[in-house]
Amino acid sequence: MNVLLENLDLYGSAFLETIRLFVIAAIGSLVLGTLLAAMRVSPVPVLRWFGAAYVNIFRNTPATLVLFFFAFAYPRLEILDLSFFSRAATALILYTAAFVCEVVRSGINTVPVGQAEASRALGFTFSLTLSQIILPQAIRSVVPPLSSVEIALLKNTTIASGFSVFQAGGIYQTLNEQGYSTFIGLLWVALGFLILVTPLVLLQRRLEKRWSVAR
């Protein structure tokens, strides 16, 4: 307990940074993943090919490698000067969006084909059919698995500590430098993540229970 009480400021600032990184990456990956899912079901072959290629590349690449690229290789490209935090958020968004895309696409596939055919018969465009008819019906199917993706994203934020982004995953380094027990310090970090993940798990179970009955 002394490790926690004597380093409350350290734990507080680190977990706040973890939450900030998670929220930014979650919102960004949801937006990008939904756009990629729309590409994957698009009637335009080039968009379908791009969406499939993106998912295959990022889903088969370890998250550590993606973060490693943005931390050390990206600056050499000299495209845009970004902080370590921005590069970590970008890497997490690009990586997680591939998984969000597949979850959203699977939800789209649960909507009967007749719904799309009926909307096309009424003169709806592809974008209107997707946004007004398909996606609203697919939400019930995609929210529970999306919760699992976001929980994995929250855990993946710890990788950012290896790339100079100070958050919960990097607390042990500071404690180690100050002579505290790293093991005890990590136990408090694990408890902190348990507290952060529990609301997401409860939300996931509640939605699964509610919408499974509705179907």
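All values below were derived from every heavy atom in this structure, side-chain atoms included, with hydrogens, water molecules and symmetry-related copies excluded.
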Asker: Please check if atom OH in Y54 has more than 12 non-hydrogen atoms from other residues, nucleotides or ligands closer than 6.0 Å.
Answerer: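 Atom OH in Y54 is crowded, with more than 12 foreign heavy atoms closer than 6.0 Å.
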Asker: Within a strict 4.5 Å, meaning less than it, do heavy atoms of the L154 and V197 side chains meet?
Answerer: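 Yes, their side chains come closer than 4.5 Å.
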Asker: Could you tell me if the ring centre of F84 sits under 6.0 Å from that of F70?
Answerer: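 Not under 6.0 Å, so no.
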Asker: Determine yes or no for a side-chain-to-main-chain donor-acceptor pair under 3.5 angstrom, with S42 supplying the side chain and A38 the backbone.
Answerer: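 No, the answer is negative, given that no donor and acceptor are paired below the 3.5 Å cut-off.
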Asker: Show, in sequence, the C-alpha distance, side-chain angles and deciding distance for F69 and T61, and conclude whether the side chain to side chain contact (heavy atoms under 4.5 Å, CB included) test is met.
Answerer: CA-CA 11 Å; F69 171 82; T61 303; over 6 Å; no
Asker: To check you understand the geometry: which heavy-atom pair defines the closest contact between I24 and A89, and what is its length?
Answerer: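 Result for this residue pair: CG2-CB, 4.2 Å.
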Asker: State, to 0.1 Å, how close A37 and V104 come at their nearest heavy-atom pair, and which atoms those are.
Answerer: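 Nearest pair, atom of A37 first, then V104: CB-CG1, 3.6 Å.
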Asker: First locate atom CZ of F58, then atom SG of C101, and finally report the distance between them rounded to the nearest 0.5 Å.
Answerer: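 F58 CZ to C101 SG: 12.0 Å, rounded to 0.5 Å.
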Asker: Checking side chain to side chain contact (heavy atoms under 4.5 Å, CB included) for the pair I133/L128: CA distance, chi angles, key distance, verdict?
Answerer: CA-CA 7 Å; I133 306 295; L128 278 177; over 6 Å; no
Asker: Does a sphere of radius 6.0 Å around CG in N60 hold more than 12 heavy atoms from other residues, nucleotides or ligands, not counting ones at 6.0 Å or beyond?
Answerer: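 Result for CG/N60: enclosed.
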Asker: Going only through I, L, V, M, F, W and Y residues with side-chain contacts under 4.5 Å, is there a path from L146 to Y95?
Answerer: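 Looking at the clustering, Y95 is in the same group as L146.
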Asker: Please name the pair of heavy atoms, one in L21 and one in T157, separated by the smallest distance, quoted to 0.1 Å.
Answerer: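 Looking at all heavy atoms of both residues, the shortest contact is CD2-CB, 4.0 Å.
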Asker: Do V103 and P145 come within less than 4.5 Å of each other through their side chains, counting heavy atoms only?
Answerer: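 Yes - at least one pair of side-chain heavy atoms lies under 4.5 Å apart.
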Asker: Evaluate side chain to side chain contact (heavy atoms under 4.5 Å, CB included) for L92 paired with F22, printing each intermediate quantity in order.
Answerer: CA-CA 9 Å; L92 289 171; F22 168 68; over 6 Å; no
Asker: Nearest 0.5 Å, please: how far is CD in E102 from CZ in R59?
Answerer: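 Interatomic distance, R59 CZ to E102 CD, rounded to 0.5 Å: 4.5 Å.
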Asker: I need the minimum non-hydrogen distance between R87 and A71, along with the two atoms involved.
Answerer: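 Smallest interatomic distance, heavy atoms only, reads NH1-O, 2.9 Å.
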Asker: Please determine whether residues I27 and L153 belong to a single hydrophobic cluster, defined as Ile, Leu, Val, Met, Phe, Trp and Tyr linked transitively by side-chain heavy-atom distances below 4.5 Å.
Answerer: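 Yes, same cluster.
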Asker: Quick one: pull up CG in L16 and CD1 in I19 and give me the separation to the nearest 0.5 Å.
Answerer: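 L16 atom CG to I19 atom CD1 measures 5.5 Å (nearest 0.5 Å).
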Asker: I'd like to know if I108 and V55 are part of one continuous hydrophobic network [Ile/Leu/Val/Met/Phe/Trp/Tyr, side-chain heavy atoms within less than 4.5 Å].
Answerer: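 V55 and I108: separate clusters.
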Asker: Let me check something: do I93 and L65 share a hydrophobic cluster, defined by ILVMFWY side-chain heavy atoms less than 4.5 Å apart, either directly or through other members?
Answerer: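 No, no single cluster joins them.
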Asker: Are the side chains of L82 and Y74 in touch, meaning some heavy atoms are under 4.5 Å apart?
Answerer: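 Yes; the side chains approach each other to less than 4.5 Å.
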Asker: Hydrophobic cluster membership, with links at side-chain heavy-atom distances under 4.5 Å among I/L/V/M/F/W/Y: are I57 and L94 in one?
Answerer: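 Same cluster.
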Asker: With rounding to the nearest 0.5 Å, note down the distance linking CG in L130 to OG1 in T34.
Answerer: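 Those atoms lie 9.5 Å apart.
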Asker: Measuring from N109:CG to R40:CZ, what's the distance to the nearest 0.5 Å?
Answerer: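 These two atoms lie 9.5 Å from each other.
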Asker: Which atom names give the shortest non-hydrogen contact between R105 and V41, and what distance separates them?
Answerer: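 Minimum heavy-atom separation between R105 and V41: CG-CG1, 4.1 Å.
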Asker: Starting at CG of L36, measure out to CZ of F99 and round the result to the nearest 0.5 Å.
Answerer: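 Separation between the atoms: 12.5 Å.
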Asker: Just do the side chain to side chain contact (heavy atoms under 4.5 Å, CB included) check on L67 and F72 with the steps written out, would you?
Answerer: CA-CA 9 Å; L67 279 146; F72 301 110; over 6 Å; no
Asker: How close do E150 and A26 get, counting heavy atoms only, and between which atoms?
Answerer: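 In terms of heavy atoms, the two residues are closest at OE1-CB, 3.3 Å.
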Asker: State, with a plain yes or no, whether a side-chain heavy atom of V44 is found less than 4.5 Å away from one of F126.
Answerer: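 A side-chain contact is absent here, since even the closest heavy-atom pair is not under 4.5 Å.
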Asker: Looking at F85, is R20 sitting on its ring face, NZ or CZ under 6.0 Å from the six-membered ring centre and within 45 degrees of the normal?
Answerer: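 Satisfied, under 6.0 Å and within 45°.
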